[in-house]
Amino acid sequence: MLRQEEACRGLALARGWTVTEVLTDNSIGARGDRERPAWQAVLDRVATGAADVVVAWHMDRCTRNMADLEELILLCNDTGVGLATATGDIDLTTDTGRMVARILAAVAAAEVERKAARQRLANQDRATQGKPNTGGARAFGYAANHVDVVPEEADAIRWGAEQALAGASMRSIAEEWTARGLGSSRWKEMGARQQWSARGVRGVLTSPRYIGVRVYNGERMDAPGTWPAILTAEQHEQLTALLNDESRTAGTIKLGRTPSNLLTAIAECGSCGCTVNASKSRGRDVYVCRSESCTSRVKVERAPADAAVAAAVIARLTMLAAGTDPAASDDADADAAEARRRAADARQRKAEAAALFAEGTIDREQLGTISRRMTAVLVECEEVTRRARRSPVLADLLSARNVAHAWSALPLDRQRAVTQVLFSVQLLRVGERGWVADWTADDGLSLEALAA
């Protein structure tokens, strides 16, 4: 860059021109799809008559695409400003000068395309060999060479994986990583403070990079990665199944939001099946069904509902720890992988059916039939995977000396996760019978409550 400026100053000195300003776009190519503030400033000087001549090292330092060149030609024609290059003069006010400029711009554009093609081939070759992607900032957990593991960050990733599988929210993991002062190469700026986001944590925990798998253009490469893995393949499969589950964004609980009560977006209205939300009614905290199609509009007080669920959870955990729970299944873990495969196939079939309906290949009745069948499959698969998720979620509780104390000590996001893997909760409004909690072999927990 310094040598180019010296050459331009030498040309100006030889021609008797006075250099009034030097503008450079360091490390920014002349591709038309990238902002170049210094070059834009040059165009502004030309348009306002603040410059008589623009001096550049070479034409390709100014523009490498024909659209930008034509804009420059029109601007120089209108203002009478000349353009000189240290490697040869170009006068855009003459037809010959414009012809030469267009030829040079075409040559430069072709070189850009050839360079991009060579880079793509090189990147693809590295990927097929299992070599890491060395472009951009380093990945969290790995050093700047993209291969060496950073022990403290790797430990945090393993801890985060264990916490996520145990039911912790992405937000709580993000807060812990931030509190530890662990830096991400893609910090989310929050005022003067740098923080992990829930989405950033999710991206780390579901990335194939951390099991030593190279991905190129969305496709996994066959060659094993040439860098050490931080997580196991089994952990990765469990995490992707859990964190990509559509039910994580059901109701009002979105990715990363810290839950503020036990049953929002977990408990269902016993009348219409929609999940309930937390609300206020006459100064009381309640769970309420807000579905417009619901005829019952269940509304029950939160505190009694939470207490009833907690009592049922503690009783169920006690039975599981003693090996006397009738709904426990020793085959749940073995069936989980097959259930995830069937669920993915069912989602694909639903998407294909929707596309066929849009094309007019099938009618609405056929679409409805396919959708209902695939939804039933998804419900069945979710039940299988829900049972399989019990082990990491319940592990510390089942080994606790006092289950009730262990449950009370859990953060709210963990309590919600435990509730979800143990029960499908329904809230019912049933006359004057008061609160009753019960469950059956299908893991259904019904809570009958007085109207709030």
Side-chain angles (χ1 to χ4, degrees), residues 27 119 122-124 126-221 223-245 248-249 253-259 389 392-393 411 413-414 417:
S27 302
Q119 188 63 56
N123 290 341
Q124 184 177 10
R126 286 182 57 84
T128 55
Q129 295 179 49
K131 295 180 179 179
N133 179 12
T134 57
R138 72 176 183 89
F140 182 64
Y142 294 96
N145 63 5
H146 303 272
V147 173
D148 295 336
V149 171
V150 179
E152 185 180 15
E153 295 179 1
D155 289 343
I157 292 171
R158 296 187 190 101
W159 174 86
E162 294 171 357
Q163 290 297 306
L165 292 174
S169 68
M170 297 297 96
R171 175 63 63 190
S172 65
I173 297 172
E175 290 173 351
E176 176 62 24
W177 284 3
T178 300
R180 293 187 188 184
L182 300 177
S184 165
S185 58
R186 297 174 178 85
W187 276 117
K188 179 180 179 182
E189 294 290 344
M190 299 291 289
R193 186 183 179 193
Q194 296 174 323
Q195 299 187 31
W196 276 94
S197 68
R199 193 172 300 277
V201 171
R202 180 183 181 276
V204 168
L205 297 182
T206 58
S207 172
R209 177 196 301 271
Y210 296 98
I211 58 170
V213 172
R214 180 70 156 92
V215 175
Y216 182 72
N217 286 344
E219 180 181 353
R220 293 192 177 199
M221 299 291 100
T226 57
W227 64 95
I230 292 176
L231 300 176
T232 67
E234 181 182 6
Q235 284 176 313
H236 178 72
E237 182 181 2
Q238 293 173 339
L239 286 166
T240 52
L242 172 66
L243 301 180
N244 292 334
D245 187 348
R248 287 180 64 83
T249 58
I253 300 299
K254 305 300 182 184
L255 174 67
R257 182 179 297 179
T258 303
R389 288 200 295 267
V393 173
D413 55 350
R414 285 287 314 280

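Residue numbers run from 1 in the order of the sequence given.
Remark: Q129 CD is packed, more than 12 non-hydrogen atoms of other residues, nucleotides or ligands lying under 6.0 Å away.
In terms of heavy-atom proximity, A417 sits nearest to G167 at CB-CA, 3.3 Å. The shortest non-hydrogen separation linking M170 to L243 is CE-CD2, 3.7 Å. For the pair L239 and A164, the tightest heavy-atom approach, listed with the atom from each and the gap, is CD2-CB, 3.8 Å. Nearest heavy atom pair, residue G200 against residue S197, reads N-OG, 2.9 Å. Of all heavy-atom pairs between I173 and W159, the closest is CG2-CZ3, 4.0 Å. G160 and L205 get closest at one heavy-atom pair: O-CD1, 3.9 Å.
When atom types are taken as modelled, the side chain of W196 and the backbone of L182 share a donor-acceptor pair closer than 3.5 angstrom. Of the possible polar contacts, none joining the N123 side chain to the R126 backbone as a donor-acceptor pair under 3.5 Å is found. A donor-acceptor pair is defined here as one N or O able to donate and one able to accept, closer than 3.5 Å; no such pair exists between the side chain of S207 and the backbone of G203. For the pair Y142 (side chain) and P228 (backbone), a donor-acceptor distance under 3.5 Å is present. Looking at T128, its side chain does come within 3.5 Å of a backbone N or O of Q124 through a donor-acceptor pair. E237 contributes no side-chain N or O that, together with a main-chain N or O of E234, makes up a donor-acceptor pair within less than 3.5 Å.
To the nearest 0.5 Å, atoms NE2 (H146) and NZ (K131) are separated by 14.0 Å. Once rounded to the nearest 0.5 Å, the distance linking CG of L231 with NE2 of H236 reads 9.0 Å.
Judged by a 6.0 Å distance limit and a 45° cone about the ring axis, R214 is not positioned over the six-membered ring of W227.
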**Request:** Test V215 against R209 for side-chain contact (heavy atoms from CB on, under 4.5 Å), laying out the working first.
**Result:** CA-CA 8 Å; V215 175; R209 177 196 301 271; over 6 Å; no
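Comment: E176 does not engage R171 in a salt bridge, judged by the lack of any side-chain N to carboxylate O separation of less than 4.0 angstrom.
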